[in-house]
Amino acid sequence: MRAVATSEQSLAIYIASQYSVLRTMTTNAEARNPSDLLPLTPAMFHVLLALADEERHGYAIIKEVAAQTSGAVTIATGTLYGIIKRLLAEGLAMESKRRRPAASDDERRIYYRLTPFGRRVLAAETKRLEAAVRAARATRMLRKADV
Amino acid sequence: MRSRRTLGDIILKSLLRLLPAEFRGDFGRAMEADLDERRDHKGRSGTWRREVPALLALAVREHASVLRDDIRYAIRLMARTPAVTALAVATLAMGTGASVAMFTVIDAVMLRSPFVEPERIAIVLVNGSEGRITAGVPAEQYHALVAEPRTLSSVAALGGGSHLLTGSGEPRRQTLNV
């Protein structure tokens with residue numbers, strides 16, 4: 001006799017398949033070496049940094065990057081969403097379902113947060129930059145300039 | 001409070017339509033919200049100067065990315081079904097070959113002139129009786145053209161028609177093409 005799946009069974013199969021995909025993505029991200037993605041572009045580094053403390057939507061990321069760099073780095077909306085697409089594809093960031101109260105929110109916004117792998121990449125890039133700054137400060141020319 | 005939408009805002013948002021549909025589906029509305037918010041905080045001039053080049057660059061990058069993905073997908077699909085791929089390639093090759101062969105023949109027979117420099121060839125026409133322009137050049141005018149080498153480097157005449165040939169024996173009607 002041919003078995004016919006009920007709607008509940010179909011839903012369970014669908015959820016299980018989606019969970020399996022998510023778990024595979026997470027496992028792949030966990031298994032990856034953060035240094036494979038280094039060096040990050042400056043804009044990508046600043047976007048990751050803007051997401052380090054809290055989840056933010058697009059324009060909040062732009063404002064946070066400007067604030068962190070005292071206005072030295074300004075990211076355009078077009079540039080930002082190119083970076084966000086790459087962060088999502090590489091498993092460094094993900095969409096967050098948490099939202100602000102409706103009165104202070106725009107329903108078109110999408111909030112993003114770092115994944116654990118994204119944090120590891122950010123930490124690895126920060127270490128790389130620290131090492132680069134140490135090496136630069138150790139040079140004679142920069143010692144004379146007293147930076 | 002939100003400022004009123006201007007023509008510039010409408011143009012800026014219409015630039016979002018240059019992005020691939022999938023990208024717009026994922027981020028289009030969020031980008032619109034960000035552009036609105038940035039305009040409200042920064043003013044219009046700053047928004048235009050930064051956003052227009054960035055949106056154009058993003059559109060080019062994303063379309064290139066879509067094209068790259070499509071090419072990769074096509075190659076994978078072709079590798080999975082080599083027999084169908086071979087048949088398609090052979091069909092295309094035969095079609096292209098037949099078209100080229102046909103055009104080569106038509107070009108040689110119908111389009112290309114048999115003369116080396118066809119642009120230097122001219123047909124001499126004269127005003128005939130009753131003001132009609134005709135190619136029937138009288139013999140004296142033909143000889144004048146031959147005797148005047150500065151105008152034409154060489155002259156040839158083409159004649160024909162049905163003529164009565166007399167002389168020795170019975171007269172005979174002869175059709176000439178000279």
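All heavy atoms count here, side chains included; hydrogens, waters and symmetry mates do not. Letters A, B, ... mirror the listed sequences (proteins, then strands); counts begin at 1. This one's a predicted model, so the numbers in the text were calculated from it and none came from an experiment.
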(message) Going by side-chain contact (heavy atoms from CB on, under 4.5 Å), A/Tyr59 matches just one of B/Asp34, B/Asp36, B/Leu35. Which one?
(response)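 Looking at B/Asp34, B/Asp36, B/Leu35, the match for A/Tyr59 under the side-chain contact (heavy atoms from CB on, under 4.5 Å) is B/Asp34.
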
(request) Applying side-chain contact (heavy atoms from CB on, under 4.5 Å) between B/Phe27 and each of A/Thr77, A/Leu88, A/Leu80, report the one that passes. (result)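 Exactly one option meets the side-chain contact (heavy atoms from CB on, under 4.5 Å) with B/Phe27, and it is A/Leu88.
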
(request) Check each atom of A/Lys85 against the heavy atoms of chain B and say whether the ones under 4.5 Å are side chain, backbone, both or neither. (result) both

(request) Go through the atoms of A/Ile62 and report whether side chain, backbone, both or neither lie under 4.5 Å from a heavy atom of chain B. (result) side chain

Do [X] and [Y] share a hydrophobic cluster, counting only Ile, Leu, Val, Met, Phe, Trp and Tyr and linking them when any side-chain heavy atoms are less than 4.5 Å apart?
X: B/Leu58; Y: B/Leu56; value: yes
X: A/Tyr112; Y: B/Phe23; value: yes
X: B/Val100; Y: B/Met102; value: no
X: A/Val47; Y: A/Met94; value: no
X: B/Leu92; Y: B/Met94; value: no

(message) B/Arg80: which residues meet the side-chain hydrogen bond (donor to acceptor under 3.5 Å, both in side chains) condition with it, sequence neighbours left out?
(response) none

(request) Can you establish whether the number of heavy atoms outside B/Ile121 located under 6.0 Å from its atom CD1 is more than 12? (result) yes

(message) With a sphere of 6.0 Å drawn around CD of B/Glu170, does it hold more than 12 non-hydrogen atoms of other residues, nucleotides or ligands?
(response)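 Incorrect, the count does not exceed 12.
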
(request) Taking all non-hydrogen atoms of both residues into account, name the closest pair between B/Ala33 and A/Asp106 and its distance. (result)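 Between these two residues, the closest heavy atoms are CB-OD2, 3.8 Å.
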
(message) For a quick test of reading the model, state the closest non-hydrogen atom pair linking A/Gly78 to B/Met31 and the distance between them.
(response) CA-CE, 4.1 Å

(request) Could you tell me whether the side chain of A/Lys63 reaches within less than 4.5 Å of the side chain of B/Arg38, counting heavy atoms only? (result) no

(request) Report the distance from atom OH of A/Tyr81 to atom CG of B/Leu55, rounding to the nearest 0.5 Å. (result)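 These two atoms lie 11.5 Å from each other.
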
(message) Strictly less than 4.5 Å between heavy atoms, which residues of residues 62-78 of chain B line up against chain A? Please order them by number.
(response) B/Glu62, B/Ser65

(message) Once side chain to side chain contact (heavy atoms under 4.5 Å, CB included) is applied, do any residues pair with A/Met44, and if so which ones, sequence neighbours excluded?
(response)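 In terms of side chain to side chain contact (heavy atoms under 4.5 Å, CB included), with neighbours along the sequence ignored, A/Met44 is linked to A/Leu40, A/Thr41, A/Ile83, A/Arg86, A/Leu87.
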
(message) Under the side chain to side chain donor-acceptor pair (under 3.5 Å) definition, can you give me all pairs with a residue in residues 19-33 of chain B, not counting sequence neighbours?
(response) A/Glu107-B/Arg29

